[in-house]
Amino acid sequence: MNVTRWYKNGSIDAFRQFCIQNKDKPISVKLTNRSEPVVGALHNYCLTSEKASGLFLLLTDSVIHPAYYGLEGIESLHIFPSEIMASRYSALRPET
């Protein structure tokens, strides 16, 4: 099953699946304390504990240090149309 969005009241398994399926892809993150969503390439995620769980986003193609957003501050996650962001994120990660 393809997970295209996740909401705060959703399961942790759905959060994990969203992150696995959308790694290195552009996503939109709606935060509980901001009106505008944050858009970036999903770099990684962490589910080690309640306080340390969250995700890491590459916000631009020129910054190599990802921004961290804790799970408690995330309202929802959504895939971002890749055709809109394709040129912005095409060089984010080198091919391995």
Side-chain angles (χ1 to χ4, degrees):
M1 178 170 92
N2 191 21
V3 181
T4 60
R5 62 187 63 85
W6 177 83
Y7 294 92
K8 191 174 189 99
N9 62 352
S11 74
I12 291 298
D13 288 333
F15 174 84
R16 180 183 293 112
Q17 193 63 29
F18 178 92
C19 292
I20 290 168
Q21 291 175 353
N22 295 295
K23 186 167 177 162
D24 298 326
K25 296 179 184 174
I27 66 166
S28 171
V29 180
K30 177 68 175 97
L31 301 172
T32 56
N33 63 351
R34 284 181 72 167
S35 59
E36 292 296 317
V38 177
V39 176
L42 178 58
H43 178 69
N44 209 344
Y45 71 99
C46 175
L47 289 174
T48 57
S49 71
E50 182 87 19
K51 292 194 180 241
S53 296
L55 54 82
F56 299 86
L57 288 183
L58 292 171
L59 300 176
T60 71
D61 59 355
S62 61
V63 177
I64 58 171
H65 299 289
Y68 172 78
Y69 297 97
L71 193 57
E72 72 281 348
I74 297 173
E75 188 175 306
S76 62
L77 304 172
H78 305 271
I79 59 170
F80 203 80
S82 57
E83 60 273 3
I84 294 173
M85 300 295 288
S87 62
R88 182 175 175 190
Y89 291 102
S90 62
L92 276 180
R93 297 184 66 115
E95 294 293 322
T96 55

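In this structure, the separation between CD1 on Ile74 and OG1 on Thr32 is 9.0 Å, given to the nearest 0.5 Å. Leu71 contributes atom CG, which lies 6.5 Å from atom NZ of Lys8 (distance to the nearest 0.5 angstrom). One finds the NZ atom of Lys30 at 6.0 Å from the OG atom of Ser35 (value rounded to the nearest 0.5 Å). Distance check: Thr4 OG1 to Ile27 CD1 gives 12.0 Å after rounding to the nearest 0.5 Å. A distance of 15.0 Å separates CZ of Phe18 from CG of Asp13, quoted to the nearest 0.5 Å. Note that CD of Glu75 is 10.0 Å distant from CG of Asn33, once rounded to the nearest 0.5 Å.
Hydrophobic clustering (side-chain heavy atoms under 4.5 Å, transitive across Ile, Leu, Val, Met, Phe, Trp, Tyr) groups Val29 together with Leu59. With hydrophobic clusters built from ILVMFWY side chains whose heavy atoms lie under 4.5 angstrom apart, Leu47 shares a cluster with Ile20. Residues Phe56 and Tyr45 do not share a hydrophobic cluster, defined by chaining ILVMFWY side chains whose heavy atoms lie under 4.5 Å apart. Put simply, Leu42 and Ile12 are part of the same group of oily side chains (I, L, V, M, F, W, Y) that touch within less than 4.5 Å, one to the next.
Side chain of Gln21 to main chain of Val3: a donor-acceptor pair is present (N/O by atom type, distance under 3.5 Å, no hydrogens or angles). Between the side chain of Trp6 and the main chain of Ser11, a donor-acceptor pair closer than 3.5 Å is present.
Centroid-to-centroid, the aromatic rings of His78 and Tyr7 come within less than 6.0 Å.
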Problem - Pair Lys23-Asn44, side chain to side chain contact (heavy atoms under 4.5 Å, CB included): steps then yes or no - result: CA-CA 7 Å; Lys23 186 167 177 162; Asn44 209 344; 4.2 Å; yes
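Of the listed residues (Leu55, Leu58, Leu57), just one forms a side chain to side chain contact (heavy atoms under 4.5 Å, CB included) with His43, and that residue is Leu58.
Looking at residues two or more places apart in sequence or on another chain, you find no ring pair (Phe, Tyr, Trp, His ring centres under 6.0 Å) involving Tyr69.
Residues Cys46 and Ala52 share a closest heavy-atom pair of SG-O, 3.6 Å.
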